[in-house]
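Here the structure is laid out as structure tokens; the discussion comes afterwards.
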Number of protein chains: 2
Amino acid sequence: MPTPGEIEDFSGFKAFLRRVNLSRREICREVYEAHRGAIKIKKEKTLAKNLLRIFDGALRISNEKGFRAMTMRSLSRETGMSTGALYGYFSGKEDLLEMLMSTGQRTTWHILRESMAQVSHPLEKLRVAVRTHLFLSEAMLPWFYFGYMEARHLDPRHKERAVAGELRTEQLFADILEEGVRMGIFAVSNPLLLASLIKAMVQDWYVKRWKYAKRGISVDRYAGQVIDFVEAYAVSLEGQMKAPRRTPVARSERRRK
Amino acid sequence: MPTPGEIEDFSGFKAFLRRVNLSRREICREVYEAHRGAIKIKKEKTLAKNLLRIFDGALRISNEKGFRAMTMRSLSRETGMSTGALYGYFSGKEDLLEMLMSTGQRTTWHILRESMAQVSHPLEKLRVAVRTHLFLSEAMLPWFYFGYMEARHLDPRHKERAVAGELRTEQLFADILEEGVRMGIFAVSNPLLLASLIKAMVQDWYVKRWKYAKRGISVDRYAGQVIDFVEAYAVSLEGQMKAPRRTPVARSERRRK
DNA sequence: ACAAAAAAACCGAACGTTTGATCGGTTTTT
DNA sequence: AAAAACCGATCAAACGTTCGGTTTTTTTGT
């Protein structure tokens, strides 16, 4: 709620949540579309109610003990449904794994592209890409953690798709950097390699979430740190001259004397 | 083999391998010391021969399918030993897990400290720490990958120790940065946070090893990139003046004109 | 040096559990 | 009353681990 004359902060995590409105119902719908054949439940209302409950339970158990350690009996206990009932919502454990895997990735790409469309300057693109990715992982932490940790347990067919998704978001970072280099804003010898490092740092946020929580590092702070870090390396002198202003505080003056 | 008058390159991966001489026999010995009670094999020669074979097999299967997916029967097939024979080398699957987990970490800390003792300047320390960590993970890739992926499946007691090890190497980076800040060489607002990011990049090397291999990125190149990246952000103006020369090529001149 | 005896290491069938998945019967919703 | 959803005992398969018997290696006795 910005007072008149004040500039609203569009870059914070809270603003992000307000903007994207991660409708759980919509997530459920997409999963249903993708696994129509495996789901025996007919009415969408019951599906939405229980499928999300199953997802929550499966993610909670899996992210603590690993997907393979989660038994149908433990999932039954966690969700309050019988083992038989569970099989109305997926055709088997493998199928459930695939549901949990693809959802995070699909949502990521969806929202990342959407956020990206609103900016054009490479420096702004870089900031938005890093922020959006981090905020998204924060909003859907269990999904991201699960996807990261369980990807290797997929069968080759689905694994290939997961890897492709990983490379695609990495390429998005690389494209931004390359465009910036062409425009003289960035000076980076190997954009793809730097993109890998950026992705590594972004992933660390949700893989080691417990660590940053214990230290009181907010996702806003983490995002700011990553962006400062990258820009200190990537932004050329020319880029520094005409760089868009940062919000809410400008980058430290350290480097300019 | 440097010709006279030429400076030998002590910083490359090959030089590292020559220097540390990762004796597999020694690794085996340390494991034996730590699990004396669980190992029924009496003669050290047979132990050394077969325990390493078991480790290799267990790491190969686990790193592909996950430790929990590795059955004693599959391990038996992989090693060519019977399931009964395997139990002469560990008291149970849990015990084997603990062996595989602790070895990588113990070796890391051992060699990291050793390498660190030979340098004093913070900038040099930073470079050595990053390089040593990366080179070590390259030399013991299966161990590092296993430790990273399976840490969460440990029982609370051992997990706590694994986490402590993770934080300790992170603190090592942080200490170097802090010392550099005190000496006016670095300018970093939050050394511990930057240390986390450095560790994230180092870990990405062995977690995503396949990716970098496919792109032809050598560990030397990766190390150089990480170091350049960190220094661009962390080194203060004052630090840049009196920075030790890089080997073999100096950092790009981009930033100074 | 060599065979007999003792020690060490190995084998794999077998056991008791636990697992993913099924299905006929029951309850709930439409 | 028909359709949808749920229940939980039950099954076959797969799991970690054990153990009595066998093979291999080392030590001992001469």
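Because the structure is predicted, anything quoted here is derived from the model rather than measured. Chain A is the first sequence line, chain B the second, and so forth, proteins listed ahead of strands; every chain is numbered from 1.
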In whole angstroms, the gap separating P of dA21(C) from CG of Leu97(A) amounts to 11 Å
Among His158(A), His153(A), Lys159(A), exactly one meets side-chain hydrogen bond (donor to acceptor under 3.5 Å, both in side chains) together with Asp155(A). Which residue is that? His158(A)
Check the distance between dC10(C)'s C1' and Ile39(B)'s CD1 and give it to me in whole angstrom. 17 Å
Presence of Lys43(A) side-chain N/O under 4.0 Å of dA4(D) phosphate oxygens OP1/OP2: no
How many whole angstroms separate atom NZ of Lys40(B) from atom P of dC11(C)? 15 Å
Output the single nucleotide from dT17(D), dC7(D), dA9(C) whose closest atom is nearest the side chain of Lys42(B). dA9(C)
Base partner of dG16(D), which must satisfy Watson-Crick or wobble distances under 3.5 Å: dC15(C)
With no hydrogens and no angle check, do the side chains of Arg68(A) and Ser62(A) hold a donor and an acceptor under 3.5 Å apart? no
Short side-chain N/O contact to dG20(C) OP1/OP2 from Lys93(A), under 4.0 Å: yes
Please compare Ser82(B) and Ala85(A) by the position of their nearest nucleotide in DNA chain C and report the one closer to 5'. Ser82(B)
Can you find a side chain N or O atom of Tyr89(A) that sits less than 4.0 Å from OP1 or OP2 on dC6(D)? yes
Under a 3.5 Å cut-off for both contacts, is dT30(C) paired Watson-Crick or G-U wobble with anything, and if yes, with which nucleotide? dA1(D)
Let me know, please, whether Arg73(B) or Lys45(B) comes out on the 5' side of the other along DNA chain D by nearest nucleotide. Arg73(B)
Atom CE of Met81(A) to atom C1' of dT26(C): distance rounded to whole Å? 16 Å
Test your reading of the model: is there a side-chain donor-acceptor pair from Glu150(A) to the backbone of Leu97(A), 3.5 Å cut-off? no
Between P on dA9(C) and CG on Leu51(B), what's the gap in Å once rounded to a whole number? 13 Å
Under 6.0 Å from the six-membered ring centre of Tyr32(A) and within 45° of its axis: does the NZ or CZ of Arg36(A) meet both? yes
Just how far, in rounded Å, is C1' of dG16(D) from CG of Leu96(B)? 12 Å
Whole angstrom value for the distance that separates P of dC15(D) from CG of Leu86(B): 15 Å
Any donor-acceptor N or O pair under 3.5 Å, side chains Gln171(B), Glu166(B): no
Check every strand shown and say whether Gly88(A) touches a base, only sugar-phosphate, or nothing at a heavy-atom separation below 4.0 Å. nothing
Could you check how far CD1 of Ile54(A) sits from C1' of dG20(C), rounded to whole Å? 15 Å
Nucleotide opposite dA8(C) in a Watson-Crick or G-U pair, distances under 3.5 Å: dT23(D)
Thr46(B) side-chain N/O to dA9(C) phosphate OP1/OP2 under 4.0 Å: yes
Which residue lies toward the 5' end of DNA chain D, Asn50(A) or Met72(B), if each is placed at its nearest nucleotide? Asn50(A)
